[in-house]
There are 2 protein chains.
Amino acid sequence: MSTVPRPIAPRPQPLDDVSKAIIEQLQADGRRSYAEIGKAVGLSEAAVRQRVQKLTESGVMQIVAVTDPLQLGFFRQAMIGIRASGDTRVVAEKLAALDAVDYVVLTAGDFDILVEVVCESDDELISLLNAEIRAIENVVSTETFVYLKLQKQHYNWGTR
Amino acid sequence: MSTVPRPIAPRPQPLDDVSKAIIEQLQADGRRSYAEIGKAVGLSEAAVRQRVQKLTESGVMQIVAVTDPLQLGFFRQAMIGIRASGDTRVVAEKLAALDAVDYVVLTAGDFDILVEVVCESDDELISLLNAEIRAIENVVSTETFVYLKLQKQHYNWGTR
DNA sequence: AGTGAAACGACCGTAGA
DNA sequence: TCTACGGTCGTTTCACT
């Protein structure tokens, strides 16, 4: 039995510790000044700015506002597993176009697509499921996981 | 191991159009200057600054750096549905403490907990499942949904 | 890739409608 | 809650290492 030649992955950039430190600073506060970050990581202000620019331009990182659904009156969140027929990419696009859908991923496994939805109420969730999601062509079945408590947030993830 | 800060007031203020517009600006670019935002939404720099401060202090919004796992060499992502016995909150805490786990939510439905994981390779995913996740007390069974394509991102969600 | 310095622009506190 | 304004600090550009 021969070993399978493992294709060297197009590993983008082996981030050095300084860039990791910069990212950590900006994960704590995306508006922290370059000068302040520079002090923390031991670099000049201009150097920090250059690195941040590269990191954002290359798509490694972006600095954005993220909102809390609960604070905006969307008390009901859920993950919905979807089984679909036909081209699942087309189904995923239609799902992504829905207002209440904030997350769509094509998966391998018992579900073809996972979507996260954000609703104001149970009623909205019900009509979303019935009138919108199940109405999409090639959606075969759905399974809903209503959120009880968010324990760890997606965008808090860092560079490990 | 980061717990999501709970909102102080379960009293969601209905955002006016100006604040929504400000949030949209910052969702496009979290570092956009207050002056520039002011021009776009028709407000003075100081007024924008005050509103942004309120929005962040009240937890409605936060401005942070978010990173792209793929760009950092984490080519394998998955959602894992977990069935657990005992106090699922305790299990969820232990899951959230894992390095490779970037998202944890307690749910009602066929799974008790959903976690999203970020791995460098299939091998890492396998050992994560076997050595880490299934090793946690009261984890009864798991079901894995390997990501094929991320279609819509969580933090792009706005104010509807 | 990094520093330093000077001009410019953004940010912050405070005062006042 | 907003505008106005002055002091301070951050950002930008550039010349240089």
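So you know, we letter chains A, B, ... as the sequences are listed, proteins then strands, and number each from 1.
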So, [X] side chain and [Y] main chain: donor-acceptor pair closer than 3.5 Å or not?
| X | Y | result |
| --- | --- | --- |
| Gln25(B) | Ala40(B) | no |
| Thr56(A) | Val52(A) | yes |
| Ser19(B) | Leu15(B) | no |

Item checked: All pairs passing side-chain hydrogen bond (donor to acceptor under 3.5 Å, both in side chains) where residues 78-90 of chain A contributes a residue, at least two apart -> Arg83(A)-Asp110(A), Arg83(A)-Ser141(A), Arg83(A)-Glu143(A), Ser85(A)-Asn138(A), Asp87(A)-Arg89(A)
Check: According to the side-chain hydrogen bond (donor to acceptor under 3.5 Å, both in side chains) rule, which pairs have a member within residues 39-48 of chain A, sequence neighbours left out?
Finding: Glu45(A)-Arg49(A)
Notebook entry, point to check: chain A on DNA chain D: first and last contacting nucleotide, 5' to 3', under 4.0 Å to a heavy atom?
Noted result: dG10(D) to dT13(D)
Notebook entry, point to check: Roughly how far apart are Leu55(A) CG and Gln71(B) CD, rounded to 0.5 Å?
Noted result: 10.0 Å
Item checked: Any residue of residues 33-51 of chain A with a heavy atom less than 4.0 Å from an atom of DNA chain D -> Ser33(A), Tyr34(A), Ala35(A), Glu45(A), Arg49(A)
Check: Near DNA chain D, which residues from residues 19-27 of chain A have a heavy atom under 4.0 Å away?
Finding: none
Checklist line | Pair listing, ring pair (Phe, Tyr, Trp, His ring centres under 6.0 Å) test, anchored in residues 108-140 of chain B, at least two apart | finding: Phe145(A)-Phe111(B)
Check: Does any pair with a residue in residues 83-108 of chain B pass ring pair (Phe, Tyr, Trp, His ring centres under 6.0 Å), and if so which ones, sequence neighbours excluded?
Finding: His154(A)-Tyr103(B), Tyr103(B)-His154(B)
Check: Under a 3.5 Å cutoff on both atom distances, Watson-Crick or G-U, what's the dot-bracket for DNA chain C ([ ] crossing, | other strand)?
Finding: |.|||||||||||||||
Note to self: Could you tell me if the side chain of Lys20(A) sits less than 4.5 Å from the side chain of Thr67(B), heavy atoms only?
What the structure shows: no
Checklist line | Beyond-backbone contact of Lys149(A) with Val105(B), side-chain heavy atoms, under 4.5 angstrom | finding: no
Note to self: The criterion is side chain to side chain contact (heavy atoms under 4.5 Å, CB included); which residues satisfy it with Ser127(B), sequence neighbours excluded?
What the structure shows: none
Item checked: Under 4.5 Å side-chain linkage, directly or through intermediates, the cluster mates of Ile113(A) -> Ile80(A), Ile82(A), Val91(A), Leu95(A), Leu98(A), Val101(A), Val104(A), Leu106(A), Val115(A), Val117(A), Leu125(A), Leu128(A), Leu129(A), Ile133(A), Ile136(A), Val139(A), Val146(A), Leu148(B)
Checklist line | Shortest non-hydrogen contact between Ala96(A) and Lys152(B), atoms and distance | finding: O-NZ, 2.7 Å
Check: According to the salt bridge (Lys or Arg N to Asp or Glu O under 4.0 Å) rule, which pairs have a member within residues 116-126 of chain A, sequence neighbours left out?
Finding: Arg76(A)-Asp122(A), Glu124(A)-Arg160(B)
Notebook entry, point to check: Same hydrophobic cluster for Leu114(A) and Val140(A), using side-chain heavy-atom links shorter than 4.5 Å among ILVMFWY?
Noted result: no
Item checked: First and last nucleotide of DNA chain C, 5' to 3', lying under 4.0 Å from heavy atoms of chain B -> dA10(C) to dG13(C)
